[in-house]
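Just so it is clear, the structure is predicted and the values come from calculations on it, not from any experiment.
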Amino acid sequence: MSETPIQTQAPVIVLVEPQLGENIGMVARAMANFGLAELRLVNPRDGWPSEKARAAASNADHVIDGVVVYPDLASAIADLNFVFATTARERDGFKRVAGPVEAGRTLRGHALSGLRTGILFGRERFGLYNEEVSLADEIVTFPVDPKFASLNIAQAVLLMSYEWMKSGLEDETQTNFTGPEMAPATKDQLHGLLNHLEAALDARGYFRPAAKKPKMVDNLRSVLTRPGFFAPELKVLRGVVASLDYFSPKEPRGAGYPDRKAKVDHAAHSGRVSTDEDDTPPLGGRGLDND
């Protein structure tokens with residue numbers, strides 16, 4: 001995500017009469033998780049500063065150190081151009097209501113226009129008064145279960161902070177890291193596994209009665225061709241099959257070079273297929289351990 005000076009004007013988080021220092025600290029931590037840093041408090045019940053808040057912030061000290069306390073909400077938002085008020089219940093009035101996703105995009109758009117924005121959060125017990133909501137431009141509410149709509153204040157801040165950060169990503173599904181890049185397995189690699197497995201099972205009398213072998217092989221291939229393997233995954237499976245195929249409790253891995261494996265490896269490296277029915281190497285599978 002590319003940053004411009006305007007984009008760094010993240011929303012101000014305003015807590016109205018927060019009651020517990022621990023909650024303020026958890027709010028600071030949630031903000032820091034998603035790139036917000038400016039926290040304003042309106043008349044905190046237990047005063048400020050608060051060591052309990054700092055302890056709960058889990059090293060989000062830059063947020064705690066920058067906290068500014070205001071005597072009332074009007075003065076806390078006086079320098080802002082646009083403000084959302086959060087609420088979990090329907091309010092009287094003519095305010096437009098947005099969900100968190102839309103609100104995040106709205107805040108980002110205003111920031112790109114150079115406006116200063118803020119989000120209001122009310123008291124832990126009952127939220128914001130109607131007259132406090134009236135000072136905001138719009139309302140943001142969360143799609144929670146109406147039977148249990150109350151959110152911890154830090155959870156509410158976390159949700160909005162997340163939506164703010166997500167709105168600035170080039171792709172909203174973007175993550176900070178991804179899984180390993182793996183090449184899809186070729187059909188030759190897949191057939192090598194299937195042939196190796198068939199040869200190993202054949203050597204141990206799995207296909208009984210003999211007349212049912214074609215159907216049993218078809219079933220095995222149907223199961224193993226369904227997932228869509230990556231090449232490294234097939235290498236792991238080939239190693240497992242090889243270990244079961246060539247080694248045994250009497251001849252465990254590391255105890256020597258079993259005759260069956262020696263014959264199969266020799267056939268693979270020489271480019272021929274063994275004529276010994278019991279030692280038929282996996283066609284196309286090269287008969288190698290692969291682990």
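Screening Asn152, Ile153, Leu41 for a side-chain contact (heavy atoms from CB on, under 4.5 Å) with Val27, the sole residue that qualifies is Ile153.
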Original post:
Would Glu163 and Lys166 count as a salt bridge (Lys or Arg N to Asp or Glu O under 4.0 Å) if you check the C-alpha gap in whole Å, the side-chain angles of each, and the deciding distance to 0.1 Å?
Top reply: CA-CA 5 Å; Glu163 292 300 339; Lys166 190 176 72 173; 3.2 Å; yes
**OP:** Apply the test side chain to side chain contact (heavy atoms under 4.5 Å, CB included) to residues Leu20 and Arg45: give CA-CA distance (whole Å), side-chain angles for both, the deciding distance (0.1 Å), then the verdict.
**Re:** CA-CA 7 Å; Leu20 299 174; Arg45 186 189 69 180; 3.4 Å; yes
Original post:
Going through the checks in order, is the side chain to side chain contact (heavy atoms under 4.5 Å, CB included) test met by Phe142 and Met160?
Top reply: CA-CA 9 Å; Phe142 307 112; Met160 286 307 303; 3.8 Å; yes
**OP:** Please report the C-alpha distance between Gln19 and Asp46 in whole Å, then the side-chain angles of each, then the deciding distance to 0.1 Å, and finally whether the side chain to side chain donor-acceptor pair (under 3.5 Å) criterion is met.
**Re:** CA-CA 7 Å; Gln19 295 167 287; Asp46 296 337; over 6 Å; no
**OP:** Take Lys235 and Glu233, measure what salt bridge (Lys or Arg N to Asp or Glu O under 4.0 Å) needs, and give me the verdict at the end.
**Re:** CA-CA 5 Å; Lys235 186 175 181 181; Glu233 295 173 327; over 6 Å; no
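A 4.5 Å side-chain heavy-atom check between Leu190 and Leu234 finds at least one atom pair inside the cut-off. Proximity of Asn33 to Ser161: side-chain heavy atoms (C-beta onward) are nowhere separated by under 4.5 Å. When side chains are defined from C-beta on, Asp79 does not count as touching Val12, because their heavy atoms never get closer than 4.5 Å. In this structure the side chain of Arg108 reaches within 4.5 angstrom of the side chain of Trp164, judged on heavy atoms. When side chains are defined from C-beta on, Tyr70 does not count as touching Ile77, because their heavy atoms never get closer than 4.5 Å. Counting only heavy atoms from C-beta outward, the side chains of Val16 and Phe121 never approach each other to under 4.5 Å. At least one side-chain heavy atom of Arg238 sits under 4.5 Å from a side-chain heavy atom of His196. A 4.5 Å side-chain heavy-atom check between Asp137 and Phe84 finds every atom pair outside the cut-off.
Here the CG atom belonging to Leu73 is positioned 12.5 Å from the OH atom belonging to Tyr129, to the nearest 0.5 angstrom. Considering CD of Glu198 and CG of Leu193, their distance stands at 11.5 Å, rounded to 0.5 Å. Here CD of Gln9 is found 10.0 Å from CG of Leu112. Values are rounded to the nearest 0.5 Å. The CG atom of Leu197 sits 9.5 Å away from atom CG of Leu237, with the distance rounded to the nearest 0.5 Å. Taking CD1 of Ile13 as the start and CD1 of Ile119 as the end, the distance is 4.0 Å to the nearest 0.5 Å. The structure places CG of Leu128 at 6.5 Å from CZ of Arg123, a figure rounded to the nearest 0.5 Å.
The same ILVMFWY cluster, assembled from side-chain heavy atoms under 4.5 Å apart, contains both Leu151 and Val157. By the criterion of side-chain heavy atoms lying less than 4.5 angstrom apart, applied directly or through intervening Ile, Leu, Val, Met, Phe, Trp or Tyr residues, Val133 is grouped together with Val83 in one hydrophobic cluster. In the hydrophobic clustering of this structure, Leu201 groups with Val241; members are Ile, Leu, Val, Met, Phe, Trp, Tyr whose side-chain heavy atoms approach within less than 4.5 Å, directly or through other members. Taking hydrophobic clusters as Ile, Leu, Val, Met, Phe, Trp and Tyr residues chained together by side-chain heavy-atom distances below 4.5 Å, Val140 does not share a cluster with Leu135. Leu15 and Leu107 fall within the same hydrophobic cluster, defined by Ile, Leu, Val, Met, Phe, Trp and Tyr side-chain heavy atoms under 4.5 Å apart, directly or through other members.
Of all heavy-atom pairs spanning Thr86 and Leu120, the tightest one is OG1-O, 2.7 Å. For the residue pair Ala88 and Thr141, the shortest heavy atom distance occurs at CA-OG1, 3.9 Å. What you find for Leu36 and Pro11 is that their closest heavy atoms are CD2-CD, 3.8 Å. Leu194 and Arg221 get closest at one heavy-atom pair: CD1-NH1, 3.4 Å. The two atoms that bring Arg40 and Ala76 nearest to each other are NH1-O, 2.6 Å, heavy atoms only. Nearest heavy-atom pair, Ala28 versus Val63, reported as atom, atom and distance to 0.1 Å: CB-CG1, 3.6 Å.
Looking only at distances, no side-chain donor or acceptor of Arg96 sits under 3.5 Å from a matching main-chain atom of Glu138. The backbone N or O of Ser50 sits nowhere less than 3.5 Å from a side-chain atom of Arg54 that would complete a donor-acceptor pair. Within the 3.5 Å criterion, the main-chain N or O of Ser134 finds a donor-acceptor partner in the side chain of Lys95. In this structure, Arg116 contributes its side chain and Leu80 its backbone to no donor-acceptor pair below 3.5 Å. Side-chain atoms of Arg29 do not come within 3.5 Å of backbone N or O of Ala60 as any donor-acceptor pair. For Asp245 (side chain) and Ala200 (main-chain N/O), no donor-acceptor pair under 3.5 Å exists by modelled atom type. Here the side chain of Lys213 pairs no donor or acceptor atom with the backbone of Arg208 at under 3.5 angstrom. With hydrogens and angles ignored, the 3.5 Å screen pairs no side-chain donor or acceptor of Ser243 with any backbone N or O of Gly239.
By the neighbour-count criterion of 12 heavy atoms within 6.0 Å, atom OH of Tyr162 is sparsely surrounded, having that number or fewer from other residues, nucleotides or ligands. Few gaps surround CZ on Phe126; more than 12 heavy atoms of other groups in view lie less than 6.0 Å from it. No more than 12 heavy-atom neighbours from other residues, nucleotides or ligands sit within 6.0 angstrom of NZ on Lys52.
Ser222 and Asn219 share no side-chain donor-acceptor pair at under 3.5 Å.
Between Phe82 and His110, the ring planes lie tilted relative to each other; the angle falls in the 30° to 60° range.
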